[in-house]
Protein chains: 2
Amino acid sequence: MSEKPPTVYDVAAHAGVSIATVSRVLRRPGDVREVTRSKVLGSVRELGYVPSASARGLAARRTGVVGVFFPGFDAAWEIPELSDAEDGLVRMVRDSDDSLGQRPPDLYFDAVLRGAELEAWRRGLVLMVGAGRGSDPESVVRDIAGRVDGLVVLARSVPDDLLNAIAHRIPVTLIAGPRRGDNFDHVSVANSEGIRALTHHVISELKVRQLQYLGGPEDSPDDVERYAGYCEALRLAGLDPLALPPLRAGFRRETARELARGLVAAGKLPRALICANDQMALGVLDVLHRAGIAVPDQVIVTGFDGIDSGRASVPTLSTVFQPMETLGREAVRIMADRLDSPDAEPVSKRLPVTVLLRGSSDG
Amino acid sequence: MSEKPPTVYDVAAHAGVSIATVSRVLRRPGDVREVTRSKVLGSVRELGYVPSASARGLAARRTGVVGVFFPGFDAAWEIPELSDAEDGLVRMVRDSDDSLGQRPPDLYFDAVLRGAELEAWRRGLVLMVGAGRGSDPESVVRDIAGRVDGLVVLARSVPDDLLNAIAHRIPVTLIAGPRRGDNFDHVSVANSEGIRALTHHVISELKVRQLQYLGGPEDSPDDVERYAGYCEALRLAGLDPLALPPLRAGFRRETARELARGLVAAGKLPRALICANDQMALGVLDVLHRAGIAVPDQVIVTGFDGIDSGRASVPTLSTVFQPMETLGREAVRIMADRLDSPDAEPVSKRLPVTVLLRGSSDG
DNA sequence: CTGAAAGCGCTAACAA
DNA sequence: TTGTTAGCGCTTTCAG
């Protein structure tokens, strides 16, 4: 399938120049006379020369690669082996919600990754992705750390000490989560401010005084911020955040569904349910719909994230849009700047959000 | 921020061994006596040693990295500069559909990428991603090609000649699109079979005889396959695929909306609209809903892909689910195998799809 | 504008 | 079991 790949030496020989000239043609074409350059480029094409990034990285001490490390919520053992079963090419099911053997998509990381890739491209960088899974992020992170010029880390996917060790060698940019010391650059979104504004709207415009919070995992920094924003809005209105205790559904649609069914069955629905993300809000919406409970007339539901499905739901979902893609872009932008000027002051940027008032609150 | 990173030499000196031993400890710990090993590992930790992947790749001639290259539908000039404007952290809008300055998410690539990452992790590989954008995929592909042991390429994101040049050096696995020669391994999904089954269901179970196809770009290989499947089902039933000419909306929701509005206005709605992807189907559904046209009673609508929004729409969307994540996983799996045995026969795998009969056809 | 030569940090025979 | 040594393919002074 492949013979020995040509190297600079081959190209140099073929073009009748030195390897230094070949290198120049590729890196700073302006430094080479036109005729020489085109001669070299001719050889490059003819031989199908592809420079070895390893050699280049070794010699130049920079790889042009930025690593992106994000938490993998899939425990290793939950990932099914790829099966080789062949039951024909088409299966047919009625109204199957899931059972497709697919895990729910993680819109958030996907979007961040897309943004990161986008900005990397604009900056002439390449992206290397890794996820923390199972018990030992350490090996993966080290593995990636040796390959890249800088590392972008999502939320709390890497333990502090490891992070510090890495930051000692290459710049690290943190996405989301709390700011951790000022060894790192940091990008976040206005979590608390956003949900506070939305909650405030529900209270003062829609005249609701009985609200309940539906949160994700308590150890999620995002959830912590959002809950704080929620509480703040209530207190500002003279309401007690603990009048109705916060509910938890781990950011997951299915879990929220079960929880909502429970509330319906018990007749304990609040006048407004402020959810910490869209997935949960959609689950709730779905259950209420089936139970014949009118949204927003009987119950107001809001989400957070601004995922696409919230535009297709009935009613459409009021939510706080967070610019996930921009989050990724901004992180890489900051990283690129950092690589250019390693000694500049650490940067911390907070991105604005947009409250989207739609059918589930302002129908 | 960082001093000179320690190398094998530093570790060797610190541990009082040779660099070869350090290398062994890291690569084949079994070949080293226990005491030596722990001494070395101690030094590694103490010095915060991180091996250079460049040097390693150069010496070992393999990088442990798989590249994934996918088409970027964003023309470069359409990507807005990241703005530094600060108009406060919260903005508030009513019922804004878009205007969020975000491009529509590309669920398909996201899912494929996620699957690829997953399988790469299981195989101890790292993923490097790049997108073709603007006029010149060549430079990016070359750039990536030099960094990886193998390249996974989505659909037609890379011109044939370039692809051949690359395949000459490193293994290439194609995802989706037509099979292109047998220099390459290839994974695809049962596009035509899936849509044929769904169309057949609409015709023979739902007794519909007036169908119309709503396709994507004509040069999309996926669309070509899907259209073929559609036609086949019609012919099998003795219907003329061209009785109603195929419509085109470039796989985009917005475009499909406009088109649907046109059909409604002209009173030219067919009894069933078979859409080549979910985004378009959702656009149609939305327009019909607003126009007060009953789905599926007056018009049946079907999609293709099985994206999440199709479960939240009203009615829920009948569609053909394609295992996008599995597509990515399978591609990396094949690549990993290929790296292990470069001279095995080229592989071509077709993944099964699932027809999901939901509200928009079988309400 | 071009060439010669010295590494970059690591792996993999081969010796010991 | 461990050490020696010869590259891997490229960038980058420094001369010319």
Side-chain angles (χ1 to χ4, degrees), chain A residues 2-41 43-44 47-65 142-143 145-149 169-170, chain B residues 2-41 43-44 47-65 142-143 145-149 169-170:
Chain A
S2 58
E3 352 191 336
K4 203 155 170 301
T7 71
V8 251
Y9 295 100
D10 301 318
V11 176
H14 184 106
V17 300
S18 75
I19 61 164
T21 297
V22 175
S23 180
R24 279 193 200 99
V25 168
L26 265 28
R27 308 218 66 56
R28 282 113 61 38
D31 289 9
V32 179
R33 205 162 26 123
E34 163 61 26
V35 276
T36 322
R37 192 193 321 157
S38 58
K39 200 170 45 178
V40 171
L41 287 176
S43 303
V44 165
L47 299 181
Y49 169 68
V50 175
S52 149
S54 294
R56 192 175 263 189
L58 182 56
R61 267 164 273 252
R62 333 178 299 95
T63 64
V65 181
R142 287 198 107 78
D143 193 37
R147 306 172 180 278
V148 301
D149 293 339
R169 305 256 146 268
I170 54 176
Chain B
S2 58
E3 353 189 334
K4 200 157 170 301
T7 70
V8 252
Y9 295 99
D10 301 318
V11 177
H14 184 105
V17 299
S18 76
I19 61 165
T21 297
V22 175
S23 179
R24 279 193 202 100
V25 167
L26 266 28
R27 307 217 68 56
R28 284 113 62 40
D31 288 9
V32 180
R33 209 169 16 132
E34 164 61 26
V35 277
T36 323
R37 193 194 320 157
S38 59
K39 199 170 45 176
V40 171
L41 286 176
S43 303
V44 166
L47 300 180
Y49 169 68
V50 174
S52 151
S54 294
R56 191 175 265 190
L58 182 56
R61 266 163 263 257
R62 339 177 293 97
T63 63
V65 181
R142 289 197 106 78
D143 194 36
R147 305 173 181 277
V148 301
D149 294 338
R169 307 255 144 271
I170 55 176

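Just so it is clear: chains get the letters A, B, ... in the order the sequence lines come, proteins before strands, and each one is counted from 1.
Side-chain N/O atoms of A/Ser52 include none lying less than 4.0 angstrom from OP1 or OP2 on D/dG9. Within the structure, a side-chain polar atom (N or O) of B/Ser18 is placed less than 4.0 Å from OP1 or OP2 of D/dG3. Under 4.0 angstrom from either OP1 or OP2 of D/dT2 there lies at least one side-chain N or O belonging to B/Arg33. For D/dT11, the OP1/OP2 oxygens have a side-chain nitrogen or oxygen of A/Arg27 closer than 4.0 Å. The phosphate of C/dG3 (OP1 or OP2) has a side-chain N or O of A/Thr21 nearer than 4.0 angstrom.
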Could you go through the side-chain contact (heavy atoms from CB on, under 4.5 Å) check for A/Arg56 and A/Arg27 one step at a time?
-> CA-CA 11 Å; A/Arg56 192 175 263 189; A/Arg27 308 218 66 56; 3.0 Å; yes

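Contact annotation for B/Val32: backbone-only contact, meaning every heavy-atom pair under 4.0 Å involves sugar-phosphate atoms and none involves a base. Residue A/Val22 is out of contact with every strand shown, counting any heavy-atom pair closer than 4.0 Å. Contacts of A/Ser23 with the nucleic acid, taken as non-hydrogen atoms under 4.0 Å apart, include base atoms. B/Thr36 comes within contact range of the sugar-phosphate backbone alone, with a heavy-atom separation under 4.0 Å but no base atom that close.
Residue-to-nucleotide proximity on DNA chain D shows that, of A/Arg56 and B/Gly30, the 5′-proximal contact is made by B/Gly30.
For A/Arg62 and D/dC10, the CZ to P distance is 16 Å, given to the nearest whole Å.
The side chain of A/Ala59 has D/dG9 as its nearest neighbour among C/dT11, D/dG3, D/dG9.
At a cut-off of 3.5 angstrom, the base of C/dG9 holds no donor-acceptor pair with the side chain of A/Arg61. Put simply, the side chain of A/Tyr9 and the base of D/dC8 share no donor and acceptor less than 3.5 Å apart.
Of all non-hydrogen atoms in B/Leu47 and B/Pro6, the two that sit nearest each other are O-CG, 3.4 Å.
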